[in-house]
Amino acid sequence: QVQLVESGGGSVEAGGSLRLSCAYTDSPRCMAWFRRQAPGKERDWVASIHVMGSTNVADSVKGRFTIAKVNHENTLYLDMTGLTLDDTAMYYCAADSMSHSLCTGEAGRRSENFAYWGQGTQVTVSS
């Protein structure tokens, strides 16, 4: 049973930066960040990373967000820069055992394909 614990959320002014962390157990093969921008909305995919090192980032955050995993720390990171009001959301860490091809393809962008989830960390961007 993979356990995920996010941290690092908070309030920041537009244009600012934050680093989200997700501590994990059991070295999942595929990990991702999703976000829910409002209660009742679906969780939107933000970025994925496979254990082989391949990463994908959503177009909406490309060039501003970076996903990285430090194996010896058992921690997944999401470095966020140039934050805008639209980045305000609850951010979730997710994990699964899916293969490289699935993780780096469309499957790795769908929340329903991830078996394990953290509790979320809130990011609020203000003007």
Side-chain angles (χ1 to χ4, degrees):
Q1 182 88 5
V2 176
Q3 295 183 338
L4 306 170
V5 179
E6 301 99 331
S7 61
S11 297
V12 63
E13 291 186 352
S17 302
L18 275 177
R19 165 177 269 197
L20 304 185
S21 301
C22 173
Y24 59 83
T25 62
D26 296 338
S27 299
R29 294 171 66 182
C30 181
M31 300 192 72
W33 288 98
F34 287 81
R35 66 185 183 186
R36 193 195 310 270
Q37 293 177 299
K41 287 192 67 176
E42 291 186 359
R43 283 181 286 205
D44 296 324
W45 171 72
V46 176
S48 299
I49 185 167
H50 187 263
V51 66
M52 293 174 63
S54 300
T55 63
N56 281 314
V57 180
D59 288 342
S60 60
V61 302
K62 193 167 291 182
R64 300 189 297 120
F65 290 13
T66 302
I67 186 171
K69 190 157 69 79
V70 180
N71 292 327
H72 69 267
E73 295 179 356
N74 276 30
T75 304
L76 176 73
Y77 294 103
L78 184 68
D79 287 311
M80 307 185 295
T81 63
L83 286 162
T84 72
L85 299 181
D86 287 341
D87 296 318
T88 294
M90 182 72 79
Y91 283 75
Y92 297 90
C93 174
D96 196 80
S97 59
M98 69 179 84
S99 68
H100 180 269
S101 60
L102 291 175
C103 183
T104 56
E106 185 61 28
R109 305 177 187 190
R110 295 185 176 275
S111 60
E112 62 267 29
N113 293 330
F114 285 84
Y116 304 101
W117 291 86
Q119 81 288 350
T121 186
Q122 178 69 37
V123 172
T124 302
V125 183
S126 60
S127 59

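This one's a predicted model, so the numbers in the text were calculated from it and none came from an experiment. Numbers for residues simply follow the sequence, beginning at 1.
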### Query
Hey, what do you get for OH (Tyr116) to OG1 (Thr25), rounding to the nearest 0.5 Å?
9.0 Å

### Message
Using a 3.5 Å distance criterion without hydrogens, assess whether the side chain of Arg36 forms a donor-acceptor pair with backbone atoms of Met90.
### Response
no

### Task
Using the rule that two of Ile, Leu, Val, Met, Phe, Trp, Tyr join whenever any of their side-chain heavy atoms come within less than 4.5 Å, decide whether Val57 and Met98 are in one cluster.
no

### Task
Just do the side chain to side chain contact (heavy atoms under 4.5 Å, CB included) check on Trp33 and Ile67 with the steps written out, would you?
CA-CA 8 Å; Trp33 288 98; Ile67 186 171; 3.7 Å; yes

### Message
Testing the basics here: between Ser127 and Leu85, what is the closest heavy-atom pair and its distance to 0.1 Å?
### Response
N-CD2, 3.7 Å

### Message
Is it the case that the side chain of Thr88 and the backbone of Val125 share a donor-acceptor pair, with hydrogens and angles ignored and the cut-off at 3.5 Å?
### Response
yes

### Task
With rounding to the nearest 0.5 Å, note down the distance linking CG in Leu102 to OG in Ser48.
11.5 Å

#### Entry: Leu78 reachable from Val51 in the ILVMFWY side-chain graph, under 4.5 Å edges
no

### Task
Would you indicate whether Glu112, at its atom CD, is surrounded by more than 12 heavy atoms from other residues, nucleotides or ligands within a distance under 6.0 Å?
yes

### Query
Hey, is the main chain of Leu4 close enough, under 3.5 Å, to the side chain of Trp117 for a donor-acceptor pair?
no

#### Entry: Atom pair CG/OG of Leu83 and Ser17 - distance to nearest 0.5 Å
6.0 Å

### Query
salt bridge (Lys or Arg N to Asp or Glu O under 4.0 Å) with Asp96: which residues, sequence neighbours excluded?
none

### Task
Locate the shortest heavy-atom distance separating Met31 from Cys22; write the atom from each residue and the value.
CE-SG, 4.3 Å

### Query
What's the shortest heavy-atom distance between Thr75 and Glu73, and which atoms?
OG1-O, 2.9 Å

### Message
Strictly distance-based, threshold 3.5 Å: is any side-chain N or O of Glu6 a donor or acceptor partner for the main-chain N or O of Gln119?
### Response
yes

### Query
Side chain of Thr121, backbone of Ser7: donor and acceptor closer than 3.5 Å?
no

#### Entry: CE on Met80 to CG on Leu18, rounded to 0.5 Å
4.5 Å

### Query
What is the minimum heavy-atom distance between Thr104 and Ser54, and which atoms define it?
CG2-CB, 3.6 Å

### Query
Which residue pairs satisfy the ring pair (Phe, Tyr, Trp, His ring centres under 6.0 Å) criterion with at least one member in residues 86-115, sequence neighbours excluded?
Phe34-Phe114, His50-His100

### Query
Testing Val46, Thr81, Asp79 for side chain to side chain contact (heavy atoms under 4.5 Å, CB included) with Phe65, which one passes?
Val46

#### Entry: Pairing residues for Asp26 by the salt bridge (Lys or Arg N to Asp or Glu O under 4.0 Å) criterion, not counting sequence neighbours
none

### Pi-cation contact, Trp45 with Arg35 (under 6.0 Å, within 45°)
no

#### Entry: Separation between CE of Met52 and OG of Ser99, rounded to the nearest 0.5 Å
10.0 Å

### Distance-minimising heavy-atom pair for Tyr24 and Ser27
CE1-CA, 3.9 Å

### Message
Quick check for you: to the nearest 0.5 Å, what is the distance between Thr124 atom OG1 and Asp87 atom CG?
### Response
11.0 Å

